[in-house]
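The structure appears below as structure tokens.
Everything numeric in this text was worked out from a predicted model, so none of it was measured.
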Amino acid sequence: MNQRSNFLQGFNFIIVIANILLVLLATLYPFNFSIPDSFSLPEFFASFNNSSDFQDQVNNFLLFMPLGFAFTRLLQKRRIKTKVQIFIVILVSAGLSLTVEVLQIFLPSRMPTPSDILNNTIGGFIGLICFYLWNSQTFNNTVAQIENSKVSRSIKQIVVFCIGYIFLTFLISLLWQSTINLSNWDADYPLLIGNEETRDRPWQGYMSEIYIADRAISTNEIAQGLADSSYFNNLGNSLVANYQLKGKCCYKEQTRQQPELLWQGQPSDIQEGKGVFLSSSHWLQTASPVASLSRRISKTSEFTVSTTLATANSEQFGPARIISISGDSLRRNLTLGQQGNNLDFRLRTPMTGENGADLTLNIPNIFTDTNPHHIIITYSRATIQVYIDNLQNFYSLNLLELMPKNQRIFYYALTFIPLGFCLTILTLLAKRRLILSKFLISGGILIPSLILEGTLVSESGKNLSLKTLLLGMLFTGGTMLILRARAAQLKMRN
């Protein structure tokens, strides 16, 4: 028997090591490390200024779940207490993830991301929970400990737990709000007009001016700006960039806060009263990154962009870059582009990723002619408004409403399944109090969805959605019912 136990311990240890090696292979391959000659602490922290897209987040969860499961199994066989198991699994998951992210600094083919550490840690913790659900003895013991705890005998302590449950819901709602701000903007990107820094997304057309403000201006201000673009000079400290594109070279920023725009290639002599002509052989780029602009917009999480432009070809794709604050074709803060005769807009937020391409922001039939058009774009609290030439010709898009279905389901599962676990614990604590238990079941399923939906409607301007309300209730209630059914099944078997 002792020999068999030792064999199982050794086997469990090998499984844990195999999972760690799998993580290292998946995150560090092809192991082409490059050590710089000099490396400072500011450069170290700057290396983490990246964000994950949706697919990366899913992969991070899935990658660390087997490790969390296997490590919990190993700790369980060594009869380590539950609280200590949870602490060790979280510590190991976070530690391994941090090690990987630091090593990725020295890999040219990888980009370390702070959110990966959180996602990997959560993935390890989910693996622990999966083990507890799978292992009947552990699950049974945990349920018995909750039902027979001192808290279950005190109505005051149960009420305190209920308040904590609601507080947790409000906290999660605040985290949701943070997914639509612009806090992850990179201050190291230049402003480009007519191309990307990689020179592979040229746009052919004319542009005469660009104004950028660090707030979303009002409808009345938009009307005045459309009537006379010089009105933007009245925005005072809110105006962070003003480029008047007239003449051959060079274009000083009028507020003197940003670097000048310089020609890349040879400027064209073509002048038709529409501004400067841009093409694959000549475009504009600031002499250095527009750092103060990016920082100010990142701080306010609002902006206004106004430009007057005319396409020279209604069949440009890529999208062809008209205005871009970006590092290359895969990393940006914002990009205004042309995709056929449509206006393509990409915006970097924690939700849309560092390429801004996780959500499709497309305005149809803008470039159906070669006439000049005055375009004003504003962003505030997840809402993008686009005005073309007049107030009547406008479009309004909300990031939360445009979220793809699979992405929405994933994020709602990540939000409400943990709340379902918390609700299960609450209902087990209140099991001896029938009326309270019934109230907790109904209220605990409904209230979190109402709080999140109400918060997002009031703070982001999205429309009230019965589907998302029911989706949250489904995950919370479904998780609780599955756990309660599992507990009842094991009790009957015993």
Is it the case that the side chain of [X] and the backbone of [Y] share a donor-acceptor pair, with hydrogens and angles ignored and the cut-off at 3.5 Å?
| X | Y | value |
| --- | --- | --- |
| R381 | S458 | yes |
| R296 | A213 | no |
| Q338 | A320 | no |
| T378 | T304 | no |
| N355 | A357 | no |
| Y165 | G444 | yes |
| N148 | A144 | yes |
| S178 | L175 | yes |
| N342 | N365 | yes |
| W203 | G337 | no |

Using side-chain heavy atoms (C-beta onward) and a distance below 4.5 Å, is [X] in contact with [Y]?
| X | Y | answer |
| --- | --- | --- |
| N181 | P350 | yes |
| I384 | F345 | yes |
| L133 | L483 | yes |
| S93 | N120 | no |
| F61 | L414 | yes |
| S449 | F416 | yes |

Would you say [atom1] of [X] has more than 12 non-hydrogen atoms from neighbouring residues, nucleotides or ligands within 6.0 angstrom?
| X | atom1 | answer |
| --- | --- | --- |
| N32 | CG | yes |
| F317 | CZ | yes |
| F31 | CZ | yes |
| F439 | CZ | no |
| L171 | CG | yes |

When you check the side-chain N and O atoms of [X] and [Y], is any donor under 3.5 Å from an acceptor?
| X | Y | result |
| --- | --- | --- |
| T415 | W176 | yes |
| Q258 | S292 | yes |
| Q85 | T72 | no |
| S324 | R321 | no |

[atom2] on [Y] to [atom1] on [X], rounded to 0.5 Å:
| X | Y | atom1 | atom2 | answer |
| --- | --- | --- | --- | --- |
| T138 | L128 | OG1 | CG | 9.5 Å |
| I447 | L452 | CD1 | CG | 14.0 Å |
| F33 | F106 | CZ | CZ | 9.5 Å |
| I15 | I20 | CD1 | CD1 | 12.0 Å |
| L293 | R295 | CG | CZ | 11.0 Å |
| I180 | T352 | CD1 | OG1 | 11.0 Å |

Hey, could you give me each pair passing salt bridge (charged side-chain N to carboxylate O under 4.0 Å, His left out) that has a residue in residues 150-163? Not counting sequence neighbours.
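Of all non-adjacent pairs touching residues 150-163, none passes salt bridge (charged side-chain N to carboxylate O under 4.0 Å, His left out).
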
Restricting to pairs with a member in residues 439-460, which pass salt bridge (charged side-chain N to carboxylate O under 4.0 Å, His left out), not counting sequence neighbours?
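Output for this query lists E453-K462.
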
Consider salt bridge (Lys or Arg N to Asp or Glu O under 4.0 Å). Of E196, E197, E354, which one does R332 pass it with?
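So the option named by the test is E196.
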
Would F303 and L182 count as a side-chain contact (heavy atoms from CB on, under 4.5 Å) here? Give the steps.
CA-CA 10 Å; F303 64 78; L182 308 178; 3.8 Å; yes

I323 and V305: which non-hydrogen atoms are nearest, and at how many Å?
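Smallest heavy-atom distance, with atoms named: CD1-CG1, 4.5 Å.
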
R346 to P319 - nearest heavy-atom pair and separation:
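Scanning both residues, the minimum pair turns out to be NH2-CD, 3.3 Å.
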
Testing I122, T121, D116, L96 for side-chain contact (heavy atoms from CB on, under 4.5 Å) with F64, which one passes?
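Of I122, T121, D116, L96, side-chain contact (heavy atoms from CB on, under 4.5 Å) with F64 is met by L96 alone.
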
Sorted by first residue and then second, give each side-chain hydrogen bond (donor to acceptor under 3.5 Å, both in side chains) pair with at least one member in residues 395-404; sequence neighbours left out.
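Residue pairs with at least one partner in residues 395-404: T383-N398, E401-N463.
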
Residue pairs, two or more places apart or on separate chains, that pass side-chain hydrogen bond (donor to acceptor under 3.5 Å, both in side chains) and touch residues 427-439:
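Only E147-K431, S152-R432, T427-R484 qualify under side-chain hydrogen bond (donor to acceptor under 3.5 Å, both in side chains).
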
For N195, what residues pass the side chain to side chain donor-acceptor pair (under 3.5 Å) criterion, not counting sequence neighbours?
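Partners of N195 under the side chain to side chain donor-acceptor pair (under 3.5 Å) test: none.
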
Decide yes or no on side-chain contact (heavy atoms from CB on, under 4.5 Å) for S294 and D186, but give the supporting numbers first.
CA-CA 7 Å; S294 295; D186 195 320; over 6 Å; no

Can you sort out the partners of D328 under salt bridge (charged side-chain N to carboxylate O under 4.0 Å, His left out), two or more places apart, ordered by chain and number?
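Per chain and number, D328 pairs via salt bridge (charged side-chain N to carboxylate O under 4.0 Å, His left out) with R331.
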
Candidate pair T468 and Y412, rule side-chain contact (heavy atoms from CB on, under 4.5 Å), full reasoning:
CA-CA 8 Å; T468 55; Y412 267 66; 3.4 Å; yes

Would you please indicate if the ring centroids of Y132 and F139 are separated by under 6.0 Å?
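Not close enough - the centres of the two rings lie 6.0 Å or further apart.
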
I'd like to know whether L419 forms a side-chain contact (heavy atoms from CB on, under 4.5 Å) with F475, so could you lay out the CA-CA distance, the side-chain angles of the two residues, the decisive distance to 0.1 Å, and finally the verdict.
CA-CA 9 Å; L419 289 174; F475 278 119; over 6 Å; no

